[in-house]
Structures are given as C-alpha cells and as structure tokens.
> 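First the structure, then my questions, so here it is.
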Amino acid sequence: MRGSCRLFSLLLLALPCGLCHGREPAPGAVTCGSVLKLLNTRHSVRLHSHEVKYGSGSGQQSVTGVEASDDANSYWRIRGKSDSSCQRGTPVKCGQAIRLTHVNTGKNLHTHHFPSPLSNNQEVSAFGDDGEGDDLDIWMVQCGGTYWEREDAVRFKHVGTEVFLSITGEQYGHPIRGQREVHGMPTANHHNYWKAMEGVFIKPSMDPAKHDEL
C-alpha cells in the first residue's frame, strides 16, 4: 500500500504543471497567430475583404461575405489587443479582446458610427496599415466555455461600440455582385454566429515559444 502511494506521488510530480491544475489547453482551441476563415453559420458565407472601398460612409476598405470557400481574400489572422497580450500559439479565451487582421491587405476588422450602405446598420470596414489601426479594431470573443474551440459557433462583440459582427443577407451589385453586406448589430441573435473554418492553426502550447503548424 505504501509503495502504491509513493508511485502515485511520483506520477503526479512527473505531470506537466498545466495538467496538474487543469489548465491544459484543448487541442481544438483557436490560437493566437492562427490564420483562418470565418463562416457565418446562419447565411453560410465567409468573412471577406478586398481592395474595394465603400462608395459612401467612411470610404474605407469594404468587408463582405462570400459563398466561395476557396477565395484567398477570406483569410484573417488572430491577434491580441496588443501583440504581447496574445503570444503565438496561446489559446484564445472566451471573453478575450482580439484583432482580426486581413492577411492579403494588412488591414484590421473595424467598425464605427457610420451607417452600412444596404441595411443601415453599423458599417464594418477594414482599416489600418500593416496590421496597425486604432482602438476601434478591438473585438471580444463571446463563447460558452474556457477557450474558443474550432467547432464552436461564437460571436464577436465590438469593444468600442458594443455591436455584434453580423450578416442579415443583403447583397451588393456591381462591382462586388452577389457578395453580402457585413455590418454591426446592437443585439445578439442568430445572424451573428461565426465558426472557424479553413486555415493554418498554431498548435496550443503551455510554452508559447514552442509551436507547430497543422
């Protein structure tokens, strides 16, 4: 009996400290530095941007939703409110403030008090240069557990204006015919659920300096 207790104690000492305290990141967690596409689960379109500016409102780079799953302009990089607050490979927690940086243009997902062109909700744009914008680029991840899991449908609530990243189905004409309007809505509802889809995910690690890509 005494030998069994000693063996159990040695096994506990051998466990990684995160495992001992229940803090081991889930293998399916979305992590800082990952590049992914986001699917609106209600309308089955992916969050998208491109070098097309709004013809009204802010005149900034437009953000839309597209049906195609293979469009390279639908990739976004997960970053923290500051780079030091979201080290590469660290799982994103529910309630954490993040930035979403459009990979191909280096602009951040952004919203502000301009009306959106089709629905008259709040305009969502892409803003900044080389990943640097302003305080209106910050979104809070809303999910039900400890971490943002890849299979979860989550919401993104804008920290500055408290709207939710949403799509309600309005479609643009020329020059982006068929693409859907993305906007901010003041209420949480079925139009503002998003799911992580295609991408390159940095594996969760207790040591952010050590990571692998899937």
Side-chain angles (χ1 to χ4, degrees), residues 16-41 46-49 61 63 71-111 124-165 182 184 192-214:
C17 62
L19 214 62
C20 294
H21 298 287
R23 294 197 301 266
E24 184 74 9
V30 175
T31 51
C32 298
S34 293
V35 172
L36 51 75
K37 295 181 180 180
L38 290 166
L39 178 75
N40 182 279
T41 59
R46 286 161 174 77
L47 188 69
H48 179 90
S49 192
Q61 182 171 299
V63 172
D71 195 313
N73 273 319
S74 300
Y75 283 112
W76 301 82
R77 186 181 304 279
I78 308 298
R79 303 170 64 210
K81 183 177 180 180
S82 64
D83 289 335
S84 62
S85 68
C86 194
Q87 296 183 18
R88 186 177 171 87
T90 303
V92 176
K93 293 181 179 180
C94 297
Q96 184 170 336
I98 65 167
R99 290 174 290 175
L100 291 164
T101 302
H102 188 244
V103 172
N104 280 356
T105 63
K107 296 183 183 297
N108 296 327
L109 189 70
H110 181 94
T111 190
V124 170
S125 65
F127 173 76
D129 294 297
D130 296 324
E132 297 307 317
D134 63 22
D135 289 343
L136 293 177
D137 301 340
I138 310 300
W139 301 79
M140 182 184 295
V141 181
Q142 291 195 338
C143 44
T146 302
Y147 297 107
W148 173 10
E149 303 284 349
R150 281 185 241 168
E151 66 270 18
D152 291 345
V154 304
R155 290 189 173 101
F156 299 101
K157 185 174 184 180
H158 190 245
V159 173
T161 65
E162 299 188 339
V163 297
F164 294 90
L165 184 69
V182 174
N192 37 60
Y193 276 119
W194 300 84
K195 186 177 179 181
M197 298 298 287
E198 306 84 1
V200 177
F201 295 86
I202 311 303
K203 286 184 179 179
S205 173
M206 294 307 294
D207 181 358
K210 299 177 181 179
H211 57 78
D212 296 302
E213 295 182 353
L214 297 180

> Just verifying a value: how many Å separate R99 CZ and D137 CG, rounded to the nearest 0.5 Å?
7.5 Å
> Over all heavy atoms of both residues, which pair between V63 and V124 is shortest? Give the atoms and the distance, please.
CB-O, 3.8 Å
> Using the side chain to side chain contact (heavy atoms under 4.5 Å, CB included) rule, pick out the option among V103, V35, L100 that qualifies with W76.
L100
> Which residue in the set H48, K37, R46 passes side chain to side chain donor-acceptor pair (under 3.5 Å) when paired with S74?
H48
> With a 4.0 Å cut-off on N to O distance, would you call R79 and E132 a salt bridge?
yes
> For E151, does the CD atom have more than 12 heavy-atom neighbours from other residues, nucleotides or ligands under 6.0 Å away?
yes
> Might you confirm whether atom OH of Y193 has over 12 heavy atoms from other residues, nucleotides or ligands at distances under 6.0 Å?
no
> What closest approach, in Å, do S82 and S85 show between heavy atoms, and which atom pair accounts for it?
O-OG, 2.7 Å
> Using 0.5 Å steps for rounding, measure from the OG1 atom of T101 to the CZ atom of R77.
8.0 Å
> Keeping the roles fixed (side chain from W139, backbone from L165), state whether a donor-acceptor pair exists under 3.5 Å.
no
> Can you confirm whether Y147 sits close enough to K93 that some side-chain heavy atom of one is under 4.5 Å from a side-chain heavy atom of the other?
yes
> For a quick test of reading the model, state the closest non-hydrogen atom pair linking G145 to C94 and the distance between them.
O-SG, 3.3 Å
> Would you say that S49 contacts N73 through its side chain, given a criterion of any heavy-atom pair below 4.5 Å between the two side chains?
no
> Quick check for you: to the nearest 0.5 Å, what is the distance between H110 atom NE2 and H158 atom NE2?
6.5 Å
> Evaluate V182 against L109 for side-chain contact (heavy atoms from CB on, under 4.5 Å), listing each step before the verdict.
CA-CA 11 Å; V182 174; L109 189 70; 5.7 Å; no
> Rounded to the nearest 0.5 Å, how far does CD1 of I78 lie from CG of L38?
6.0 Å
> What is the minimum heavy-atom distance between W194 and N40, and which atoms define it?
CE3-N, 3.4 Å
> Less than 4.5 Å apart, any side-chain heavy atom of R150 and any of S34?
no
> Please examine the side chains of V154 and Q142, heavy atoms only from C-beta on, and report whether any two atoms are closer than 4.5 Å.
no
> Any ion pair linking K195 and D152 (charged N to carboxylate O, less than 4.0 Å)?
no
> For H102 and Y75, work out which heavy atoms get closest and say how close.
CD2-O, 3.7 Å
> Determine the minimum heavy-atom distance between Q87 and S84, stating which atoms define it.
CG-O, 4.0 Å
> Nearest 0.5 Å please: distance from the NZ atom of K81 over to the CD1 atom of I138.
6.5 Å
